[in-house]
Amino acid sequence: QVQLVESGGGLVQAGGSLRLSCAASGRTFSTYAMGWFRQAPGKEREFVAAISWSGGNTHYADFVRGRFTISRDNAKNTVYLQMNLLKPEDTGVYYCAAGPWVRRTIYEYDYWGQGTLVTVSS
């Protein structure tokens, strides 16, 4: 069992930066791939980024490539999402998730956090 708690969301102007954190409980955190997803109002939850258990393999959605960076610190049981050059369309609730493989679909993740709201003003 893994429990996930996101933090770091907030209000930022377009062009600004935020760093999201996802703290995990449980001693098996380092065995899970981790993903970040987001959900804008009225839209489906979508893949943002994912990282393998070792941190050596990362994947990004095309719309964040070059702006967002996913990383993890297994010693701290934490995964991060550094978000730069934010745009109003990046607004939404950001969720972290844990699963056995680095995947882009929500159905392949077993554990989810409660989400943290990111609002980007124009």
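The basis for the numbers below is simple: all heavy atoms, side chains too, and nothing from hydrogens, waters or symmetry mates. All values reported here derive from a predicted model rather than from experimental measurement.
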Quiz item: For the residue pair Gly8 and Leu18, what are the closest heavy atoms and their distance?
Solution: O-CD2, 3.8 Å

Quiz item: Quick check: are there more than 12 heavy atoms from other residues, nucleotides or ligands sitting under 6.0 Å from CD of Glu46?
Solution: yes

Self-check item: Gln3 backbone acceptor or donor facing Ser25 side chain under 3.5 Å
Solution: yes

Quiz item: Hey, does Ile51 have a side-chain heavy atom less than 4.5 Å from the side chain of Trp36?
Solution: no

Exercise. Ignoring hydrogens and angles, tell me if any N or O in the side chain of Arg103 forms a donor-acceptor pair with the backbone of Glu108 under 3.5 Å.
Key: no

Quiz item: Distance from Met34 atom CE to Ser71 atom OG, nearest 0.5 Å?
Solution: 11.5 Å

Quiz item: Is any side-chain heavy atom of Val12 less than 4.5 Å from a side-chain heavy atom of Thr119?
Solution: no

Quiz item: Measuring from Phe47:CZ to Thr105:OG1, what's the distance to the nearest 0.5 Å?
Solution: 9.5 Å

Exercise. Look at the side chain of Arg38 and the backbone N and O of Val118, then say whether any donor-acceptor pair between them is shorter than 3.5 Å.
Key: no

Self-check item: Thr91 side chain vs Val120 backbone, donor-acceptor pair below 3.5 Å
Solution: yes

Quiz item: Does any N or O in the side chain of Glu6 come within less than 3.5 Å of the main-chain N or O of Gln114, such that one atom is a donor and the other an acceptor?
Solution: yes

Exercise. Check Leu4 against Tyr111 and note the closest heavy-atom contact, atom names and distance.
Key: CD1-O, 3.5 Å

Quiz item: Thinking salt bridges, do Arg65 and Asp62 make one under a 4.0 Å N-O criterion?
Solution: yes

Quiz item: Is NZ or CZ of Arg45 both nearer than 6.0 Å to the six-membered ring centre of Tyr95 and within 45° of the ring axis?
Solution: yes

Quiz item: Roughly how far apart are Ser30 OG and Asn77 CG, rounded to 0.5 Å?
Solution: 7.5 Å

Practice problem: Establish whether Phe63 and Met83 are linked, either directly or via other cluster members, by ILVMFWY side-chain heavy-atom contacts under 4.5 Å. | Solution: yes

Practice problem: Please determine, by modelled atom types, if Ser17 and Asn84 share a side-chain donor-acceptor pair under 3.5 angstrom. | Solution: yes

Quiz item: If Ile, Leu, Val, Met, Phe, Trp and Tyr residues are connected whenever their side-chain heavy atoms lie under 4.5 Å apart, and connections chain through other members, are Ile106 and Leu20 in the same group?
Solution: no

Quiz item: What are the two closest heavy atoms between Tyr94 and Val48, and how far apart are they?
Solution: CE2-CG2, 4.3 Å

Quiz item: Donor-acceptor pair, Thr116 side chain versus Ser7 backbone, under 3.5 Å?
Solution: no

Self-check item: Thr78 side chain to Lys76 backbone, donor-acceptor under 3.5 Å
Solution: yes

Quiz item: Does the separation of the ring centres of Tyr109 and Phe37 fall below 6.0 angstrom?
Solution: yes

Quiz item: Any side-chain heavy atom of Leu86 sitting closer than 4.5 Å to one from Phe68?
Solution: yes

Quiz item: Just how far is it from atom OG of Ser52 to atom CG of Asn57, taken to the nearest 0.5 Å?
Solution: 5.0 Å

Quiz prompt | Hydrophobic cluster membership, Leu117 vs Trp112, 4.5 Å side-chain cutoff | solution = yes

Practice problem: Return the minimal non-hydrogen interatomic distance between Ala14 and Pro88, and the atom names on each side. | Solution: CB-CD, 4.1 Å

Quiz item: Where is the tightest heavy-atom contact between Pro100 and Asp110, given as atom of each residue plus distance?
Solution: CD-OD2, 3.5 Å

Exercise. Would you indicate whether Trp53, at its atom CH2, is surrounded by more than 12 heavy atoms from other residues, nucleotides or ligands within a distance under 6.0 Å?
Key: no

Quiz item: Got Arg67 and Asp90 here, is their nearest side-chain heavy-atom distance under 4.5 Å?
Solution: yes

Practice problem: Please step through side-chain contact (heavy atoms from CB on, under 4.5 Å) for the pair Thr69 and Tyr80, ending with a clear verdict. | Solution: CA-CA 8 Å; Thr69 303; Tyr80 304 97; over 6 Å; no

